[in-house]
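Protein chains get the first letters and strands the later ones, always in sequence-line order, with residue 1 at the start of each.
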Amino acid sequence: MYRTHTCGELRIDHVNTEVTLSGWVQRIRDLGAMSFIDLRDRYGITQLVVDENTDKAIADQLDELGREFVLQVKGLVRERSSKNKNIPTGEIEIALNEIKVLSAAELPPFTIQDDTDGGDDLRMKYRYLDLRRNPVRENLVLRAKMAHAVRSYLNAKDFIETETPVLIKSTPEGARDFVVPSRMNPGEFYALPQSPQTFKQLLMVAGFDRYYQIVKCFRDEDLRADRQPEFTQIDCEMSFVEQKDVLEMFEGLTRHMFKEVLDVEVTEFPWMPYSEAMEKYGSDKPDTRFDMLISDITETVKGKDFVVFDSAEYIGAICAKGCAEYTRKQLDALTNWVKRPQIGAKGLVYVKCNADGTFKSSVDKFYSEEDLKLWAEQTGAEAGDLILVMSGDRKHMLDALGELRLEMANQLGLRDKNVFKPLWVVDFPLLEWDEDSQRFYAMHHPFTAPKPEDISLLDTDPGKVRANAYDLVINGVEIGGGSVRIFNADLQAKMFDKLGFTPEEAEAQFGFLMNAFKFGAPPHAGIAFGFDRLVSMFAGEDTIRDVIAFPKNNSGRDVMIDSPAPIANAQLDELNLKLDLKEKK
RNA sequence: GGUGGCGUAGUUCAGUUGGUUAGAAUGCCGGCCUGUCACGCCGGAGGUCGCGAGUUCGAGUCUCGUCGUCACCGCCA
């Protein structure tokens, strides 16, 4: 038996018990004739004590030990003469009578403590050491707890957890696929699923009625702090439901998780049309923890001989509360910020609403106090506020104002990680025009149903068709999304036609699905949550890497196992593959 | 594919206008210490300034290239 107790469980009640503990050496404090060892495992830290006068042999053993050695120790629990109120085991210590080194340890490249001295890449390379640290381990414990909460909620609602295949086939829509060569079928490839989309729809055709899965998905696209090449979704589908039924069910799931895991009650989720999100927040994933809404002041500001505004398609503004005192330096910094290529604005106009009721703007030459007063009324600005104005083409400026809004909120500390504001964004456009390829793409995916009242627009004005699609957004993060699906073979065929597929192409790519719809498909709808993002939000982390046990870096590499890696020629040969690497410029 | 930040001791970082022998903290090693718990005190070791070219009398510092890493845009539900 390696241990009778863990390093986190002994208390004052255990005094005079003979115990055996196993764990890692956190730290040794050598006071001369007396030494203390902090022994750590996942449950906590227990102090071991050795007195050189009474235990000379054991004291000598301490010289051999170092940080992160794995020990098995035996001894008697006793009350400390000076207690540590900061840790749960702080009232007791173990007077050792035996130390056994189970495993020696080299000096770790960074110290295993809550505030580590290790940088990100070093921590990634030695991820198994990083995982010994409390904050990282706690994130993964949280993740396990959340997965458990998902299962208990959905199981109680009669959802059937079903696995779907990982080796499937590549399809032209959506993200780039990861592909896997098939040895038994020379020249052919599997693809890893971007999501189990078609399979869950087929499960509905199969009459499963309610399906879910916590499942890995794969997308071969460039990475971000919130994007990994393999990531986890809570994937769900339901039959005989309308949009409202799905939103209620998954609002319930979300609220259940907040309550179970964080003990947080969240309010009912408002529904916001996509068009409103874009116009008021400049984003399809609005952060509603704060207002600072975008105002369209195009009509108000035109016609005063300010050529920049007069020639602009759109002029929009936000009001930053209490920022009238911003200095020239701060305003210049903001201007430079919006002029960066990532935002791409031409400039920034400001209006300071002074405490005395007067206005000071960067366009005083063109606008009177009376004019500026109108701006203030329209943007809801009061004395002490700062109005920030941008002009240009509508789509681009809404986007830029949305980014500026978030930046100002950051500067003003309005994005509190402990406040959660969920909402549903609904009525997304069904199709999106792509200039490069001169064709429509499905904004969600090709199986999304148009709103019934918009179906007639499919032939006349496809870009105007709204979809029965919805996103769950919390604090400006897209947590999940889904849609009511097409369940009629004819309508599905029409969709493929609008997306530029010939009937033959549609048949070759998705014939199995349209075929299935001919055998009695129930109306159905579904949703998928980005599990990693949800966990990182609950954990208060900025990147999903912090809630994944073994994540990949920015370039899609696992620096611990050093993957991806070349394979042997024999392997390539077996797969009938030859490399033709392109020269780097 | 693009824009920007970073790369200096095991680690986290500082390093002035380009100027003598590149510093701090922490960790590590040695010594002392019986109530520590981020123990304390004394001493010591530890550097290809990512790599390569260039400018210069002189480069950690400036320029170009390259590699790595991070953030973002494009891309991606």
Exercise. Using a 4.0 Å heavy-atom cut-off across all strands, classify A:Gly482 as base, sugar-phosphate, or nothing.
Key: nothing
Self-check item: Neighbour count >12 (heavy atoms, 6.0 Å) for atom NZ, A:Lys285
Solution: no
Practice problem: Kindly say if A:Arg29 contacts the phosphate of B:rC39, meaning a side-chain N or O under 4.0 Å from OP1 or OP2. | Solution: yes
Quiz item: Do A:Asp177 and A:Ser170 have a side chain donor and acceptor closer than 3.5 Å?
Solution: yes
Quiz item: More than 12 foreign heavy atoms under 6.0 Å from CD of A:Gln342: is that the case here?
Solution: yes
Quiz item: How long is the line joining CD1 of A:Ile112 and P of B:rU11, in whole Å?
Solution: 14 Å
Quiz item: Expressed in whole Å, how much space separates the P atoms belonging to B:rA25 and B:rG65?
Solution: 39 Å
Exercise. Tell me what A:Leu107 touches on the nucleic acid: a base, only sugar-phosphate, or nothing, going by heavy atoms under 4.0 Å.
Key: sugar-phosphate
Polar atoms only, N or O, under 3.5 Å: list the protein pairs with nucleotides 43-45 of chain B and their distances.
none

Quiz prompt | A:Tyr470 and A:Asp427 side chains, donor-acceptor separation under 3.5 Å | solution = no
Quiz item: Which stems, defined as runs of 3 or more consecutive Watson-Crick or G-U wobble pairs with both pairing distances under 3.5 Å, involve RNA chain B?
Solution: B:1-7 with B:67-73, B:10-13 with B:23-26, B:28-32 with B:40-44, B:50-54 with B:62-66
Self-check item: Separation between the C1' atoms of B:rC28 and B:rC72, rounded to whole Å
Solution: 39 Å
Quiz item: Which nucleotide sits closest to the side chain of A:Arg27: B:rG35, B:rA38, B:rG27?
Solution: B:rA38
Quiz item: How close or far is atom C1' of B:rC33 from atom CZ of A:Phe36, stated in whole angstroms?
Solution: 12 Å
Quiz prompt | Polar side-chain atom of A:Asp558 near backbone of A:Ile561 as donor-acceptor pair, under 3.5 Å | solution = yes
Quiz item: Going by an N to O cut-off under 4.0 Å, is there a salt bridge joining A:Arg545 and A:Asp532?
Solution: no
Quiz item: Taking CD from A:Glu79 and P from B:rG35, how many angstroms apart are they, rounded to a whole number?
Solution: 18 Å
Self-check item: Qualifying residues under side-chain contact (heavy atoms from CB on, under 4.5 Å), relative to A:Trp271, sequence neighbours excluded
Solution: A:Gln243, A:Lys244, A:Leu247, A:Trp424, A:Val426
Quiz prompt | Pairwise C1' distance, B:rG23 and B:rU61 [rounded to whole Å] | solution = 15 Å
Quiz item: Please give, in whole Å, the distance from B:rG27 P to A:Arg67 CZ?
Solution: 8 Å
Exercise. Answer with yes or no whether the side chains of A:Asn139 and A:Glu541 bring together a donor and an acceptor at under 3.5 Å.
Key: yes
Quiz item: How would you list all residue pairs meeting side chain to side chain donor-acceptor pair (under 3.5 Å) that involve residues 126-135 of chain A, not counting sequence neighbours?
Solution: A:Glu68-A:Arg132, A:Asp114-A:Asn134, A:Arg123-A:Asp130, A:Arg127-A:Asp130, A:Asp130-A:Arg133, A:Asn134-A:Arg137
Practice problem: Strictly below 4.0 Å, heavy-atom distances to any atom of RNA chain B: list the hits from residues 81-98 of chain A, or just say none. | Solution: A:Ser81, A:Ser82, A:Lys83, A:Asn84, A:Glu93
Self-check item: Given B:rC39, B:rG27, B:rU69, the nucleotide with the shortest approach to the side chain of A:Val559
Solution: B:rU69
Quiz item: With sequence neighbours left out, what residues match A:Phe447 under ring pair (Phe, Tyr, Trp, His ring centres under 6.0 Å)?
Solution: A:His445, A:Phe510
Quiz item: With rounding to whole Å, what would you report as the distance between B:rC33 and B:rC42 at their P atoms?
Solution: 16 Å
Quiz prompt | side-chain contact (heavy atoms from CB on, under 4.5 Å) partners of A:Ile45, counting only residues at least two apart | solution = A:Gln26, A:Asp38, A:Arg40
Quiz item: Once each nucleotide of nucleotides 70-77 of chain B is scored for protein heavy atoms under 4.0 Å, what B/S/- sequence comes out, 5' to 3'?
Solution: BBBBBBBB
Practice problem: Using the test side-chain contact (heavy atoms from CB on, under 4.5 Å), find all partners of A:Phe189 that sit at least two apart in sequence or belong to another chain. | Solution: A:Val179, A:Pro181, A:Leu577
Quiz item: Distance between the P atoms of B:rG19 and B:rG58, in whole angstroms?
Solution: 14 Å
Quiz item: Would the number of heavy atoms belonging to other residues, nucleotides or ligands and lying under 6.0 Å from CG of A:Asp115 be above 12?
Solution: no
Practice problem: For A:Asp220, report the nucleic acid contact type (base, sugar-phosphate, nothing); a contact means any heavy atom under 4.0 Å. | Solution: nothing
Quiz item: Do A:Met146 and A:Phe538 have side-chain heavy atoms sitting under 4.5 Å apart?
Solution: yes
Quiz prompt | Atom C1', compared across B:rU12 and B:rG52: separation rounded to whole Å | solution = 28 Å
Exercise. Starting at atom CG of A:Asp121, determine the distance to atom C1' of B:rC67, rounded to an integer number of angstrom.
Key: 13 Å
Quiz prompt | A:Arg78 CZ - B:rG35 P separation (whole Å) | solution = 13 Å
Quiz item: Got a sec, which residues hit side-chain contact (heavy atoms from CB on, under 4.5 Å) with A:Leu414, two or more places apart in sequence or on another chain?
Solution: A:Phe290, A:Met292, A:Ala409, A:Leu412
Practice problem: Round to the nearest Å and state the distance from A:Asp30 atom CG to B:rG35 atom C1'. | Solution: 13 Å
Self-check item: Test side chain to side chain donor-acceptor pair (under 3.5 Å) applied to A:Ser195 and A:Arg219, step by step
Solution: CA-CA 9 Å; A:Ser195 82; A:Arg219 289 177 191 158; 4.8 Å; no
Quiz item: Quick one: do the A:Gln213 and A:Tyr211 side chains pair a donor with an acceptor below 3.5 Å?
Solution: yes
Practice problem: Can you tell me, in whole Å, how much space there is between the C1' of B:rG31 and that of B:rC67? | Solution: 45 Å
Quiz item: Which letters describe nucleotides 5-10 of chain B, given B = protein heavy atom under 4.0 Å from base, S = only from sugar-phosphate, - = neither?
Solution: -----B
Practice problem: Can you tell me the distance, in whole Å, between the CG atom of A:Asp562 and the C1' atom of B:rG68? | Solution: 13 Å
Self-check item: Results of ring pair (Phe, Tyr, Trp, His ring centres under 6.0 Å) for A:Phe110 - residues two or more places apart only
Solution: none
Quiz item: B:rU21 and B:rC49: how far apart are their C1' atoms, nearest whole angstrom?
Solution: 15 Å
